[in-house]
Amino acid sequence: MSDRTEPDASGHSALVIAIDGAAGSGKSTLARGVAEALGLPYLNTGSMYRALTLEALRRGVDPGDGAGLAHLMQGLTFSLDRAPGSRLRIGGNVPEPELEGSAVDATVSQVSSHPEVRALMHERQRALGRVGAVVEGRDIGSVVFPDAAVKIFLVADPGARAARRVPERTEDARATEAALHARDAADASLNPFEPVPGAIVIDTGRTDAPEALRVALAAIEERTGGHR
């Protein structure tokens with residue numbers, strides 16, 4: 001299997017960096033840093049599931065109704081500017097703050113658990129990222145982009161992840177940690193949360209953001225030979 005994605009329109013192999021990690025492990029911080037450093041677009045796939053979840057909550061679609069959610073998703077549009085460091089747009093707009101709200105947090109794992117929803121999301125994610133991007137989420141290196149040039153897998157204990165998330169939300173650390181435990185259990189029911197062979201594992205509970213970025217960029221340089 002090739003270690004790069006399919007050629008882009010120019011005939012060159014497009015560079016895809018896959019970053020996987022549990023909720024609160026620092027995926028977004030690292031992915032943004034890598035994208036800016038490499039001059040690539042940044043795709044947060046979690047925002048896509050959150051957008052569908054928020055739309056379902058607003059329209060009263062049962063989060064347990066996979067077929068209904070798949071139908072609802074047909075009305076959502078996702079785009080990614082090709083400019084370096086550009087981010088996902090939903091319906092032409094930047095993701096709204098409500099995507100990170102507690103109602104979405106409590107429901108997104110159920111929404112993402114449906115095979116028909118995940119199949120549609122994976123198709124959209126591949127279309128967005130195949131011409132080159134830093135793509136972060138869950139099962140990116142194993143399912144969405146198994147041929148990604150570099151695969152990075154972030155780990156951190158729930159306490160460290162809760163401490164990182166508290167400033168982003170109104171809940172206290174104990175409530176946030178409990179929510180992360182619940183999210184981990186729900187996500188683990190979908191697929192084992194383990195690094196794929198050859199993935200670069202970074203413990204962000206023991207490594208601060210600048211050091212994690214340094215490690216990631218050094219590994220990308222080594223594995224791609226500096227060719228982008």
From CA spacing to verdict: side-chain contact (heavy atoms from CB on, under 4.5 Å), L217, L38: CA-CA 9 Å; L217 291 176; L38 300 185; 4.2 Å; yes
Could you list the residues that satisfy salt bridge (charged side-chain N to carboxylate O under 4.0 Å, His left out) with [X], not counting sequence neighbours?
| X | result |
| --- | --- |
| R206 | D203 |
| E116 | none |
| E211 | R214 |

Salt bridge D81-R87, side-chain N to carboxylate O under 4.0 Å: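 The answer is no: the pair does not qualify as a salt bridge.
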First locate atom [atom1] of [X], then atom [atom2] of [Y], and finally report the distance between them rounded to the nearest 0.5 Å.
| X | Y | atom1 | atom2 | value |
| --- | --- | --- | --- | --- |
| L80 | L43 | CG | CG | 5.5 Å |
| D20 | R138 | CG | CZ | 7.5 Å |
| M121 | H114 | CE | NE2 | 11.5 Å |
| L213 | E36 | CG | CD | 9.0 Å |
| S112 | R50 | OG | CZ | 10.0 Å |

Trace of the side-chain contact (heavy atoms from CB on, under 4.5 Å) decision for V215 with I152: CA-CA 10 Å; V215 170; I152 298 171; over 6 Å; no
Would a distance-only check, ignoring hydrogens and angles, find a side-chain to backbone donor-acceptor pair under 3.5 Å from [X] to [Y]?
| X | Y | answer |
| --- | --- | --- |
| K27 | A22 | yes |
| H122 | I140 | no |
| T29 | G26 | no |

Considering all heavy atoms, the nearest [X]-[Y] contact:
| X | Y | result |
| --- | --- | --- |
| K151 | F145 | CE-O, 4.0 Å |
| A56 | L69 | CB-CD2, 3.6 Å |
| T204 | S25 | OG1-O, 2.6 Å |
| I90 | S47 | CD1-O, 4.0 Å |
| A149 | L15 | CB-CD1, 3.4 Å |
| Q125 | T45 | NE2-CB, 3.5 Å |

Contacts of R89 that satisfy side chain to side chain donor-acceptor pair (under 3.5 Å) - sequence neighbours left out: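 Result, side chain to side chain donor-acceptor pair (under 3.5 Å) vs R89: none returned.
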Ring pair (Phe, Tyr, Trp, His ring centres under 6.0 Å) involving F153 - partner list, sequence neighbours excluded: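 With neighbours one apart ignored, the set is F193.
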All side-chain contact (heavy atoms from CB on, under 4.5 Å) counterparts of A31, not counting sequence neighbours: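 Partners of A31 by the side-chain contact (heavy atoms from CB on, under 4.5 Å) criterion, ordered by chain and then number, come out as I19, Y42, V134, E136.
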Under the side-chain contact (heavy atoms from CB on, under 4.5 Å) test, residues paired with E96 that sit two or more places apart: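 So E96 forms a side-chain contact (heavy atoms from CB on, under 4.5 Å) with L54, R58, E98, L99.
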Hydrophobic cluster membership, I202 vs V196, 4.5 Å side-chain cutoff: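 In one cluster with I202: V196, no.
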Chi angles and distances behind the side-chain contact (heavy atoms from CB on, under 4.5 Å) call for I17, V135: CA-CA 6 Å; I17 307 298; V135 186; over 6 Å; no
Heavy-atom side-chain proximity of V143 to R126 below 4.5 angstrom: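 Yes - at least one pair of side-chain heavy atoms lies under 4.5 Å apart.
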Sequence neighbours excluded, every pair satisfying side chain to side chain donor-acceptor pair (under 3.5 Å) that has a member inside residues 59-75: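 Listed by first then second residue: E55-R59.
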